[in-house]
2 protein chains.
Amino acid sequence: MRTLHELKEPEKTLSADPSARRGIPDATVARLPEYLRALTGFAERGITSVSSEELAAAAGVRSAKLRKDLSHLGSYGVRGVGYEVDHLAYQISRELGLTQDWPVAIVGMGNLGHALAAYSGFATRGFRVVALLDQDTVLHEQEIAGLPVQPMEALPSLVTDQGLAIGVIATPAASAQSVCDQLVAAGVRSILNFAPCVLVVPEGVDVRKVDLSTELQILAFHEQRKSLAAQGALDAVAEAVSR
Amino acid sequence: MRTLHELKEPEKTLSADPSARRGIPDATVARLPEYLRALTGFAERGITSVSSEELAAAAGVRSAKLRKDLSHLGSYGVRGVGYEVDHLAYQISRELGLTQDWPVAIVGMGNLGHALAAYSGFATRGFRVVALLDQDTVLHEQEIAGLPVQPMEALPSLVTDQGLAIGVIATPAASAQSVCDQLVAAGVRSILNFAPCVLVVPEGVDVRKVDLSTELQILAFHEQRKSLAAQGALDAVAEAVSR
DNA sequence: GTGACTTTGTGCATCGGTTCACAAAGGCGT
DNA sequence: ACGCCTTTGTGAACCGATGCACAAAGTCAC
C-alpha cells in the first residue's frame, strides 16, 4: 500500500508551513456552523458582546467545549469580558470559507430536489445554486425556482465556467453512484448525498450523507428503549406491590 | 438538582436486569441502519450469507469495526463462514425497534414538509406517516399525498388514539421551538428537527437535527482547505523552480 | 474422524474528544 | 495606581471509539 502512504505525504509537508493553523478537529468544525448561527442571532438582537457561557447556551453545548473549540481558531476573546460578536462571527466565517460564495449544483429534480432548489436557506450564507440537473430529458427546458433544468452533460462546463465545486445528489439510490461518478469526473470534489446509499469516491473527494431514514431509525431505537424502560418500571412496581 | 438524579434512577435499576443487553454504544447504533440497508441489498440479490469483510465493504466501514459493532448485539455469526443475511437483518431490525411500526407526524407543510410527505422512504422500513400538520389555517382541508392537513390542535388525540411517538419538524426556524413545545406537551418524546435552530427540550425527549446549511458549511471548510493545499503546492513548485 | 483452513469475537493499545479545574490576563471600581 | 473580580485559554485526567492482532470456534475435504 505504498500509494496510500505517498498520497498523505503532501499533507505532512504542508503541516510544516509557518502559517500552520493546521488540524482543527473534525468535531470542532462540525460545531462551528452552529456557533455562527448563534452569533448571527445575537447580532440581530443588537448584542455586541457575549461570554462563552451565553454563547454556549445559545448553541446547545457546554462552555468549556465552546472555549476549547474557539481556541483552535486563535485567541479572539478578551479575558474578563467575553467575545465581540461581529469579530468572532467574521473569524468563524473566514475559517469555514464563507467569505467567498460557493457555487452549488443540485442533481435530481424529484420531490426532494424540487424542495432543495426552492429552499432559501442555501443563499443565506455563502452558497449559490448555479444549476439544476436531471438525467430525465422530459424535465429539460422546464424551469424550477427560476433556473432551467439541464442535462448531465452540462457538468464539465459548469465546473470550468462557473467554478462549481459542490454537488448535491437528490436522486433515487439506484442512480446516485452513477451521478456521483459524473460529478467527480467533471472535477467536483465535495458532495452532499441525500440518496440512501454508500457512495464510493476516489481519495480527495469529500462526501457527506444526509439520510432521513437513518435518523428515524436511530430515534426508533431510543424510543423503543424508553418504552421498554417504562414497561420495566411498571413491572418493578407490580412486583413490589405483589410482594 | 435532586430531580435530575432521581430521573436517572430507574435506568440504573434496569441495568441490573438479567436480560441486560444494555449499553450499545451510540456510535454503533448510528451505524446499524447502514448495515441493515446493506443486508437488504444482499438479500435482494439472493445472497444468503456474507462475511464481515463483504458486509463491511458494502456499508463503507472496516471489517473489524463491523464485527465489534455486531458483537454488541450478540453472537450471530458462524466462525469460518460468516453471517446469515436474513437472520442478521432480523436481529438488527429487532434491536432498532423496527419490528413494530412507528407512527410519524410531519409538522410544517412548506416546500420541505411537502417533499417529506411524498417521500416513499418513510414507509419502506418501519415508519408510517399518520398525520400532516400546519399552523396555517389556509392549508387545512387540503390534501397532500393522500393525507389531510390538520391543525396543531389535533396533536393530543393523535398521540392517544394513534400512538404517535415521533414528530418531524419542517417549519421555519422561527416557529420550530413553539411547535416542538406543542409536540412535547402532547407526549411526543422523539423529534427529528429540520429547522436550522437549537431546540430545548425536557429530560427524556430525544432530538436529532438534520441541517442542510450546516452540512454545506462543513463541506466548504474542507473544500477551502483543499484549495489552499493546491495553492500551497503550486507555490512550493514555483519556489523550487525559481531557486 | 481428523487436520487444515477460514472467519468470528475480543483483549489490548491507541487515538481523538470531552470535562474539569485553575492559572493567566485583562477590565473596572475606588 | 492598585487590587479585586470576571472570564478566557489550556494542561491534565478521563472516557469512549477505533484499529490491531490473534486465539477460539466452527466448516469442509478427504
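Worth saying up front: this structure is predicted, and the values here are computed from it rather than measured.
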| query | Which one, C:dG17, C:dC20, C:dG9, comes nearest to the side chain of B:Tyr83? | reply | C:dG9
| request: Please test B:Leu73 against B:Leu32 for side-chain contact (heavy atoms from CB on, under 4.5 Å), starting from the C-alpha separation and ending with a verdict. | output: CA-CA 10 Å; B:Leu73 321 188; B:Leu32 290 181; 4.2 Å; yes
| field | 5' precedence on DNA chain C between B:Ser52 and A:Arg67 (nearest-nucleotide basis) | value | B:Ser52
| Nearest-Å distance for atom pair CG/C1', residues B:Asp26 and C:dT18 | 14 Å
| task | Answer whether the closest heavy-atom distance between the side chains of B:Glu95 and B:Thr28 falls below 4.5 Å. | result | no
| field | Residue pair B:Arg225, A:Asp206: steps toward the salt bridge (Lys or Arg N to Asp or Glu O under 4.0 Å) verdict | value | CA-CA 12 Å; B:Arg225 175 157 293 189; A:Asp206 275 323; over 6 Å; no
| task | Give a yes or no answer on whether the side chain of A:Glu53 reaches the backbone of A:Ser63 with a donor-acceptor pair at less than 3.5 Å. | result | no
| said: Donor-acceptor check, side chain of B:Glu34 to backbone of B:Arg31, threshold 3.5 angstrom: yes or no? | reply: no
| Within this structure, what is the CD-to-P distance between B:Glu53 and C:dT6, rounded to whole angstrom? | 14 Å
| task | Find the distance A:Leu66:CG to C:dT18:P and express it as a whole number of Å. | result | 12 Å
| said: Counting the atoms with a prime plus P, OP1 and OP2 as sugar-phosphate, which does A:Ser63 contact under 4.0 Å by heavy atoms, base, sugar-phosphate, or nothing? | reply: nothing
| 5' precedence on DNA chain C between A:Val78 and B:Val78 (nearest-nucleotide basis) | B:Val78
| field | Contact boundaries on DNA chain D for chain B, cut-off under 4.0 Å to non-hydrogen atoms | value | D:dA17 to D:dT27
| field | Side chain of A:Arg79 (C-beta onward), nearest among C:dT10, C:dT18, C:dA24 | value | C:dA24
| How close or far is atom C1' of C:dG17 from atom CZ of A:Arg31, stated in whole angstroms? | 8 Å
| message | Is any side-chain heavy atom of A:Leu116 closer than 4.5 Å to one of A:Phe194? | response | yes
| If you check every side-chain atom of A:Val81, which of C:dG17, C:dG27, C:dT19 has the closest atom? | C:dG27
| Spacing between B:Leu70 atom CG and C:dT7 atom C1', to the nearest angstrom | 13 Å
| query | Rounding to a whole Å, what distance do you find between A:Lys65:NZ and C:dG17:P? | reply | 11 Å
| remark: d(B:Ile191 CD1, A:Glu223 CD) to nearest 0.5 Å is 10.5 Å
